[in-house]
Colleague: 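Just dropping this structure here.
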Amino acid sequence: SNFKAPRNGIYKIIFFGNLRHNNDLRLLKELAICEKVKIDFYGLIDRSITEDIFFKNYMSRAANTDLPRIISNYDFIVLPYQESNFSNTISPAKFYESMATGKALISNSKLTHIKNWEIFTSRIDFYQPIDQQLNEIISNDGSKSEARIKEAKMNNWTEKLNKLENIIG
């Protein structure tokens with residue numbers, strides 16, 4: 001398997017995008033307070049977010065062209081969608097962008113309307129040790145990584161346009 005023990009015993013997790021009050025802030029906080037986790041935030045933090053924990057680990061805004069290089073230094077990507085009517089109807093581009101990296105994905109959202117969401121994301125149980133769960137996720141992630149990349153390639157815009165062209169003729 002491709003399993004690598006975490007560097008210095010620390011699991012590195014990245015959040016990228018816009019951090020807003022309607023994100024799953026509890027998931028982000030639980031990850032941030034785990035001593036075996038380093039979670040970094042790239043992007044924008046909405047002014048409705050006031051907790052120090054998010055600013056303490058804030059890195060910067062990152063150009064989309066720099067993201068693949070930045071993400072390559074992390075073990076996991078966190079997708080903190082909150083359960084809501086809104087998130088239960090979205091098809092987040094970020095999901096497929098994250099899948100294209102092959103990285104393990106963490107989310108406690110149940111976006112079951114998105115094909116293979118449950119297969120390609122892992123949930124965190126706040127009542128179990130987080131570092132043990134991350135270890136288990138990454139240990140079992142080898143084959144999922146390649147499958148994620150393959151699925152992402154099938155869901156890019158070029159692919160969608162090709163399918164549409166075939167339908168339209």
Colleague: Report yes if the side chains of Ile138 and Phe76 come closer than 4.5 Å at any heavy-atom pair, otherwise no.
Modeller: yes
Colleague: First locate atom CG of Asp24, then atom NZ of Lys29, and finally report the distance between them rounded to the nearest 0.5 Å.
Modeller: 10.0 Å
Colleague: Does atom CD of Glu136 have more than 12 heavy-atom neighbours, drawn from other residues, nucleotides or ligands, at distances under 6.0 Å?
Modeller: no
Colleague: Quick one: pull up OG in Ser48 and CG in Leu19 and give me the separation to the nearest 0.5 Å.
Modeller: 8.0 Å
Colleague: When you measure from the side chain of Thr121 to the backbone of Leu105, do you find a donor-acceptor pair of N or O atoms at a distance under 3.5 Å?
Modeller: no
Colleague: Grab the two heavy atoms, one from Ala100 and one from Ala152, that are nearest each other, plus how far apart they are.
Modeller: N-CB, 3.5 Å
Colleague: Could you give the distance from CG (Leu67) to CD1 (Ile71), rounded to the nearest 0.5 Å?
Modeller: 5.0 Å
Colleague: Give the minimum heavy-atom separation between Glu35 and Ile10, together with the two atoms involved.
Modeller: O-CD1, 3.5 Å
Colleague: Say you draw a straight line from CD of Glu146 to CG of Asp141; how long is it, rounded to the nearest 0.5 Å?
Modeller: 10.0 Å
Colleague: For residues Asn73 and Lys12, report the shortest heavy-atom separation together with the two atoms involved.
Modeller: O-NZ, 3.5 Å
Colleague: So which heavy atom on Arg123 is nearest to which on Gln133, and how close?
Modeller: O-OE1, 4.0 Å
Colleague: Assess the residue pair Leu25 and Ile49 against the criterion (side-chain contact (heavy atoms from CB on, under 4.5 Å)); give the C-alpha distance rounded to whole Å, side-chain angles, the decisive distance to 0.1 Å, and a yes or no.
Modeller: CA-CA 9 Å; Leu25 299 180; Ile49 305 287; 3.8 Å; yes
Colleague: Do Lys36 and Ile130 pass the side-chain contact (heavy atoms from CB on, under 4.5 Å) test, and can you show the C-alpha distance, the side-chain angles, and the key distance before you say yes or no?
Modeller: CA-CA 8 Å; Lys36 298 219 169 136; Ile130 287 177; over 6 Å; no
Colleague: Which atom pair, heavy atoms only, marks the closest approach of Gly102 to Ser145?
Modeller: O-OG, 2.8 Å
Colleague: Identify the two heavy atoms, one from Lys144 and one from Phe120, that lie closest to each other, and give their separation to 0.1 Å.
Modeller: O-CE2, 4.1 Å
Colleague: Tell me whether the count of non-hydrogen atoms from other residues, nucleotides or ligands lying under 6.0 Å of CG in Asn18 goes above 12.
Modeller: yes
Colleague: How long is the straight-line distance from CG of Leu28 back to CD1 of Ile33, given to the nearest 0.5 Å?
Modeller: 11.5 Å
Colleague: Kindly check if the number of other-residue, nucleotide or ligand heavy atoms within 6.0 Å of CZ (Arg61) is above 12?
Modeller: no
Colleague: In Å, rounded to the nearest 0.5 Å, how long is the span from CG of Asn116 to CE of Met99?
Modeller: 7.0 Å
Colleague: Sequence neighbours excluded, which residues qualify as side chain to side chain donor-acceptor pair (under 3.5 Å) partners of Ser122?
Modeller: none
Colleague: Only counting residues at least two apart or in another chain, list the ones meeting side chain to side chain contact (heavy atoms under 4.5 Å, CB included) with Phe126.
Modeller: Arg26, Leu27, Glu30, Asn108, Ile124
Colleague: Quick check: does any side chain N or O of Arg148 sit under 3.5 Å from a backbone N or O of Thr101, one acting as donor and the other as acceptor?
Modeller: no
Colleague: Tell me which pairs pass ring pair (Phe, Tyr, Trp, His ring centres under 6.0 Å) where either residue lies in residues 41-60, with sequence neighbours left out.
Modeller: Phe15-Phe41, Phe41-Phe54
Colleague: Between the main-chain N or O of Ser109 and the side-chain N or O of Trp117, is there a donor-acceptor pair closer than 3.5 Å?
Modeller: yes
Colleague: Is Glu151 close to Ile149 at the side-chain level, that is, under 4.5 Å between some pair of heavy atoms?
Modeller: no
Colleague: Does Ser98 reach the side chain of Phe16, with side-chain heavy atoms less than 4.5 Å apart?
Modeller: yes
Colleague: Given 3.5 Å as the limit, does a donor-acceptor pair link the side chain of Asp125 with the main chain of Tyr127, or not?
Modeller: yes
Colleague: Taking the side chain as C-beta and beyond, is there a heavy-atom pair between Asp75 and Leu134 under 4.5 Å?
Modeller: no
